[in-house]
Novice: 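There's a structure below that I have some questions on.
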Amino acid sequence: MIIDHPLLGPRDSDEFTYLGDASLLDRPDGLGEDAAARFAEYVYMRDNPAGLHRELWFHAAGDLSWLVVTRNTATHEITAVELASDVTRARRAGK
Amino acid sequence: MGRFSALRLLREGLTGNRGWTPHWRDAAPQPAYDIVVIGGGGHGLATAYQLAATYGQKRVALLEKGWIGGGNVGRNTTIVRANYLLPSNQGFYALSLRLWERMEQDLNYNVMMSQRGVLNLCHSDAQRDAAIRRGNTIRLSGEGAVYLDAKALKKDWPFLDYDNARFPIRGGLLQPRAGTARHDAVAWGYARAASDLGVDIIQNCEVTGFDIRGGKIFGVETTRGAIAAGKVGVAVAGNTSRLMQMAGLRMPIESHVLQAFVTEGLKPVIPGVVTFGVGHFYISQSDKGGLVFGGDLDGYNSYAQRGNLPMVEHVAAAGVSMMPMIARARLLRSWGGIMDMTMDGSPIIDRTPVEGLYLNGGWCYGGFKATPGSGLVFAHLLATDTPHEAATGFRLDRFARGHVIDETGHGPTPNLQ
């Protein structure tokens, strides 16, 4: 697979380390009343779709940036690549 | 279709082999069953067989979206072993290994069960200590293991790279009763035996939805019509998340692709199964002569049943580090299978929050060796509504409760297990 890095251009996926579903960016509030249940859900439960999947990749053999890659798990086709920092910044700005 | 025996083989051989018939009935779905098992892989077939054979269930159907033997049961590297450390796992796999040893007699089918031994190599003092500790727990479970130092190993395994500058081989933990079995024959044998006992094996029948009302299941919708069921057991590892989503349930599972490889046929060279202790690499030789081997997951979510080249290179490099002579073998085929990777690396066999819906999944990359045990304990759960004593740890809610069964200590990172 080739990941089209927003800053560095097309890179071999072997340069990256995979973490998983990009919902891991949405860390629950550790002081919330239902924190234990929400953290159990956050840590262990996954949608695991067969199709489009937004996921976190770390450019370990590159610029050490975290990316949010949108990839089809049924075909391995990559349709979008964003910097994770841009994703979280945009989300904060939207709040 | 009659029993298989040496006498029958002789008779058929002398009369032109015209007496053989299909091994199981290709059943059409009936409107209703007491128990419907979804998934015609090894586990589903073993479950359906045990429901009929051990628990006396008369109206059982097994639904398979493709054909029998077309999924992971025909894609694995055929290794059978019971060499786990944690009690929740080892008790179960010990039961499974004992069922493997009598499978051919139970099913009247030659599954080519070969107890040629599984050897796990170690390369440092720390690994040696861990191997001996694991060996002791295996011996306590009654399944047998023996630690061999490098000198003892050289007799049967002379081709390993003992003096590798970076990863010298110090010794290995051998489980003599472990080995390999022919995976297709396991599927066919269970299908034949289950069909003989009255189980309807329904192929090309994909489940498209569940009939759930008021938190209770009443049946399944399929590509061959609706089928009513008192109880439904799901055994579709690889696709557990997809199916359980139809019941509105999220799973502690990621689906990953694991590749396997086979070389051209060679003369007998590897006496058993051997695994590398540094990279993840395991290899054995099939009875046809091909070297069958595999390694790590590709490491990203996938339902594609095929992997990518970086892992091919990684596995081949690990193999050549362990036994340099395979560098000269030519690769014949490679393929991928989809693994249910759970958040602790151990399976799930449990009721679900939906009454009447039961789950057997999350087998990670180790489902084949579990086949007979999984069938027995899942049939027990389906028939009696109580967990089998060998599977009490495999609960669905163990993650939220903090009772994970994390054999490798990786934490909730399925791609690293």
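Just so we're on the same page: letters track the sequence lines, and every chain starts at 1.
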Novice: B/A304 and A/A74: which non-hydrogen atoms are nearest, and at how many Å?
Specialist: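 Here B/A304 and A/A74 meet closest at CB-O, 3.5 Å.
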Novice: Testing the basics here: between B/E254 and A/G20, what is the closest heavy-atom pair and its distance to 0.1 Å?
Specialist: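 Taking every non-hydrogen atom into account, OE2-CA, 4.3 Å.
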Novice: For B/Q245, is it the side chain, the backbone, both or neither that has a heavy atom under 4.5 Å from a heavy atom of chain A?
Specialist: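 The answer is neither part of B/Q245.
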Novice: Among the options A/R71, A/E55, A/E41, pick out the one with the most heavy-atom pairs lying under 4.5 Å from chain B.
Specialist: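 Going by pairs under 4.5 Å, I would pick A/R71.
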Novice: Between B/G402, B/A400, B/P414, B/G299, which residue shows the highest count of heavy-atom pairs closer than 4.5 Å to chain A?
Specialist: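 The option with the most such pairs is B/G299.
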Novice: Measuring from A/D12:CG to B/N308:CG, what's the distance to the nearest 0.5 Å?
Specialist: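 Reported to 0.5 Å precision, the distance equals 9.0 Å.
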Novice: Of B/S241, B/P412, B/P252, which is the lone residue that meets side chain to side chain contact (heavy atoms under 4.5 Å, CB included) with A/M45?
Specialist: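 Running side chain to side chain contact (heavy atoms under 4.5 Å, CB included) over B/S241, B/P412, B/P252 with A/M45 returns exactly one hit, B/P252.
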Novice: Kindly indicate whether the side chain of A/H76, heavy atoms from C-beta on, has any atom under 4.5 Å from the side chain of B/Y300.
Specialist: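 Yes; the side chains approach each other to less than 4.5 Å.
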Novice: Side chain from CB out, backbone as N, CA, C, O: work out which of these in B/N301 comes under 4.5 Å of a heavy atom of chain A, or both, or neither.
Specialist: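 Answer is both: backbone and side chain atoms of B/N301 are under 4.5 Å from chain A.
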Novice: Determine, step by step, whether A/D47 and B/R250 satisfy the side chain to side chain contact (heavy atoms under 4.5 Å, CB included) criterion, reporting the C-alpha distance in whole Å, the side-chain angles of both residues, the deciding distance to 0.1 Å, and the verdict.
Specialist: CA-CA 6 Å; A/D47 286 340; B/R250 281 181 100 208; 2.8 Å; yes
Novice: Judged by atom type as modelled, is there a donor-acceptor pair below 3.5 Å linking the side chain of B/R306 to the main-chain atoms of A/T75?
Specialist: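 Checked: pair present.
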Novice: For A/L8, is the CG atom crowded, meaning more than 12 foreign heavy atoms sit under 6.0 Å from it?
Specialist: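 Enclosed.
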Novice: Looking at CG of B/N415 and CG of A/L19, how far apart are the two atoms once the value is rounded to the nearest 0.5 Å?
Specialist: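 CG of A/L19 is found 7.0 Å from CG of B/N415.
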Novice: Report, as yes or no, whether the 6.0 Å neighbourhood of atom CZ on A/R27 holds more than 12 heavy atoms from other residues, nucleotides or ligands.
Specialist: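 No, the 6.0 Å shell around CZ holds no more than 12 heavy atoms from other groups.
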Novice: Assign the ring pair B/F399 / A/Y44 to parallel, tilted or perpendicular, where the plane angle (0 to 90°) is split at 30° and 60°.
Specialist: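 The rings of B/F399 and A/Y44 sit tilted, inter-plane angle from 30° to 60°.
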Novice: Please look at B/T413 and chain A and tell me whether the side chain, the backbone, both or neither of the residue comes under 4.5 angstrom of a heavy atom of that chain.
Specialist: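 Neither part.
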Novice: Does A/H53 reach the side chain of B/Y303, with side-chain heavy atoms less than 4.5 Å apart?
Specialist: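 No, too far: nothing below the 4.5 Å cut-off.
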Novice: If you draw a 6.0 Å radius around NE2 in B/H410, do more than 12 non-hydrogen atoms from other residues or ligands fall strictly inside?
Specialist: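 Yes, because the 6.0 Å sphere around NE2 of B/H410 holds more than 12 heavy atoms from other groups.
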Novice: To the nearest 0.5 Å, what is the distance between OG1 (A/T73) and NE2 (B/H256)?
Specialist: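 Reported to 0.5 Å precision, the distance equals 10.5 Å.
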